[in-house]
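Please read the structure below before turning to the comments.
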Amino acid sequence: MRVDSTDIKSIAYTEAGKFEETRFEKIHNVIFDSSNEASIIVAEEIAALIKEKEELNQPCVLGLATGSSPIKVYEELVRMHKEEGLSFSNVVTFNLDEYYPMGKDNIQSYFYFMHEHLFNHVDILPENINIPNGMVSADDLYQYCIDYELKIKSYGGLDFQLLGIGRTGHIGFNEPGSHLNSGTRSITLDHVTRADAAPAFLGIDNVPRKAITMGIGTVKSAKRIVLLGWGLNKAKILKETIEGEETSSVPATYLQDHDNTTFVIDSEASSELTRVKTPWLVASCRWTDILKLKAVVWLSELLGKPILKLTDKDYNDNGMSGLLTEEGTAYDLNIKMFNKLQHTITGWPGGKPNADDSHRPERANPAKKRVIIFSPHPDDDVISMGGTFDRLVEQGHEVHIAYQTSGNIAVSDEEALKFAEIICKLNPDNSEAKAIIDFLQSKTDKDIDSKALRQLKGLIRQSESLAATRYLGVKDENVHFLNLPFYETGTIKKGNLTSDDIDIVTSLIEAVKPHQIYAAGDLADPHGTHKVCLDALFEAIDVLKPKAFMNDCWVWLYRGAWHEWESYEIEMAVPMSPDQVLKKRHAIFYHQSQKDGVMFQGDDSREFWVRAEDRNRLTAKKYNDLGLADYAAIEAFKRYHF
Ligand code: F6R
């Protein structure tokens, strides 16, 4: 959806057709196809406000957030400053929060974040920047918070407050339990919040336990509030916030009675809203094929009945009488949808040679296909599609694996030290290994890994990957380590995708001329590495599209360790026998540096192989519950049409 600049405000509930659709919703929200497009529109609203205030000769008082959500908004404001002369000289900012204790020069501090993403690149006066000071002494903290609050008031309050939302429903760091009228204060962070921050701190133990945050009362006193929500990870909490009851256990629900708030969200983040997830429950629907399947799967899951047992009454009782009118009887509709799902199942992911392929997910010809499996990190291939990978090799296709990033960040210092020490024991004169050991012994929290250490960590992951690909029968020359440059910053924060990254991906595709490409279609975190790797692939495909060989190239998307496609979205379901499940488990085991105490677990403490098995078992169970065959495990794919 594209709306004009400041029009976000004016897309009202009462606009034609919207009232009915949003009848479950208590907060005005606008859904965009992409977070980039949405961020630009929010930046335009902020820029318009800055200019309006400038004309009135007044300060523009902005409340600002950190985290991944507002990054693109800041990038766009910087662009407007540089290219369009947007001035920040009348802007006064108050940041929502800061970890406590936290020094300003620490790269994890919000002070550092704000300067890196915004303040260092615009003409804001340093004295107009206010960020809670994470180094205030415990004795002074109480008064400091009162003064922060008074300072906001002295400017006449916040004209505009930008927010993100945490998975606990926090805004700022107002965790569950926060009061409606709370002011700026210190707070203890929720476990979920700390787990979400763990990757940035290289492990949950390094995440501070406390923070200073503006209160709910402070935020709500803003004249205008815009909350940003991107990606599947935010879908559940956004539904609770927008549709649930106002409650201190989801502090963002307090925004329900603010009269000038808009939630700006992308389509993934909106996916749990009633009007998106089950539109037939809110208004009459235009029944597309995909919506029909979605509705029938939903009904079957809701009633705990296989599809073929759904009755006319089941449909009528659950808002789908319109669908029955279009389709005839439940009997006809059930069979149609059952067949659709049945046809997604295949043990021949590369196509079944000499078979009628009119109802199969893949083409029979050519019988032997060239395949590239793109893997963002050096283990996503086996974690997400190890069973399918195995089948493709066994069925005689020419399988190439392309590891897009080195994955070096995810190797712990202890693991690297182990290898550096082994090198030194074999060759005590090895100066590189000695330098790595010296570096590791003096490394502090603020240090970025040295180039040599990053290289060693990357090599550890390469060797693990080769062990796994050899085990699954792929020749070493078909394993490609792309080491995309955007990833190689040595820190969690990655660089932007550039033509260097895209050229590397393009060259490989052009050299192999694949009939099939598999890639991670993860949208859980739109700023995460998987999404950037997917963007690199999509851009490469765009470049190559005009070439003849691309007419024969089909792209299949798998999902990473955290999410699976919904049953109705799956276009190819590859079943696995119990033996194949074990084989996949062994392939994952080769990635030993990622086995115990992985840094990027989030709040899910299961190891990757357990997650993969649970997920594949669950997909199989869902198929079985819908009335299809009972498999041990299923890997799922959705086709990307370009
Ligand atoms: C940040 C802040 C937090 C974040 C929230 C979402 O200043 O106050 O409320 O907005 O945790 O974080 P991201 O955007 O990283 O998902």
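Whatever order the structure lists ligands and atoms in, that order sets their numbers, starting from 1.
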Out of the candidates T261, V226, L96, V61, only one should pair with Q161 under the side chain to side chain contact (heavy atoms under 4.5 Å, CB included) rule; please name it.
L96
Write out the residue and atom name of the closest protein heavy atom to atom 14 (O) of ligand 1, then the distance separating them to 0.1 Å.
S69 OG, 2.5 Å
Salt bridge K26-E245, side-chain N to carboxylate O under 4.0 Å
yes
For the residue pair T262 and R224, confirm or rule out a side-chain donor-acceptor distance under 3.5 Å.
yes
I need the atoms of ligand 1 closer than 4.0 Å to a non-hydrogen atom of L96, numbered in the order shown.
8 (O)
Is D257 salt-bridged to K220, cutoff N-O under 4.0 Å?
yes
Which of the atoms of ligand 1 are close to H170, meaning less than 4.0 Å from one of its heavy atoms?
3 (C), 5 (C), 9 (O), 11 (O)
When distances are taken from atom 15 (O) of ligand 1, the protein heavy atom at minimum range is S68 N, 2.8 Å
Could you tell me, atom by atom, which parts of ligand 1 come under 4.0 Å of a heavy atom of G164?
10 (O)
For a salt bridge (charged side-chain N to carboxylate O under 4.0 Å, His left out) check, start with the C-alpha distance between R79 and E84, then their side-chain angles and the critical distance, and finish with the verdict.
CA-CA 8 Å; R79 191 200 63 74; E84 296 168 11; 3.0 Å; yes
If we count only N and O atoms by modelled type, under 3.5 Å, do the side chains of S450 and K443 hold a donor and an acceptor together?
no
Residue, atom name and distance, where the atom is the protein heavy atom closest to atom 8 (O) of ligand 1
D97 OD2, 2.4 Å
Could you report the tightest heavy-atom contact between L534 and G521, atom names first, then the distance?
CD2-CA, 3.9 Å
Option passing side chain to side chain contact (heavy atoms under 4.5 Å, CB included) with L227 (candidates L162, L238, N29)
L238
Subset of ligand 1 atoms that lie under 4.0 Å from at least one heavy atom of G67:
14 (O), 15 (O)
By number and element, which atoms of ligand 1 are closer than 4.0 Å to a non-hydrogen atom of K234?
6 (C), 13 (P), 16 (O)
Which of the ligand 1 atoms, numbered from 1, are nearer than 4.0 Å to a heavy atom of I165
5 (C), 6 (C)
Report all side-chain donor-acceptor pairs from residues 129-136 shorter than 3.5 Å, counting only partners two or more places apart or in another chain.
from: N130; atom 1: OD1; to: K151; atom 2: NZ; distance (Å): 2.8
from: N130; atom 1: ND2; to: T93; atom 2: O; distance (Å): 3.0
from: N133; atom 1: OD1; to: M135; atom 2: N; distance (Å): 2.8

Residue A65 vicinity, atoms of ligand 1 by number, heavy atom under 4.0 Å
7 (O)
Contact partition for T66 relative to ligand 1, non-hydrogen atoms under 4.0 Å
both
Quick one: look at T213 and ligand 1, take heavy-atom pairs under 4.0 Å, and tell me if it's side chain, backbone, both or neither.
neither
Polar contacts were defined as any N/O atom of the residue lying under 3.5 Å from an N/O atom of the ligand; does this apply to G172 and ligand 1?
yes
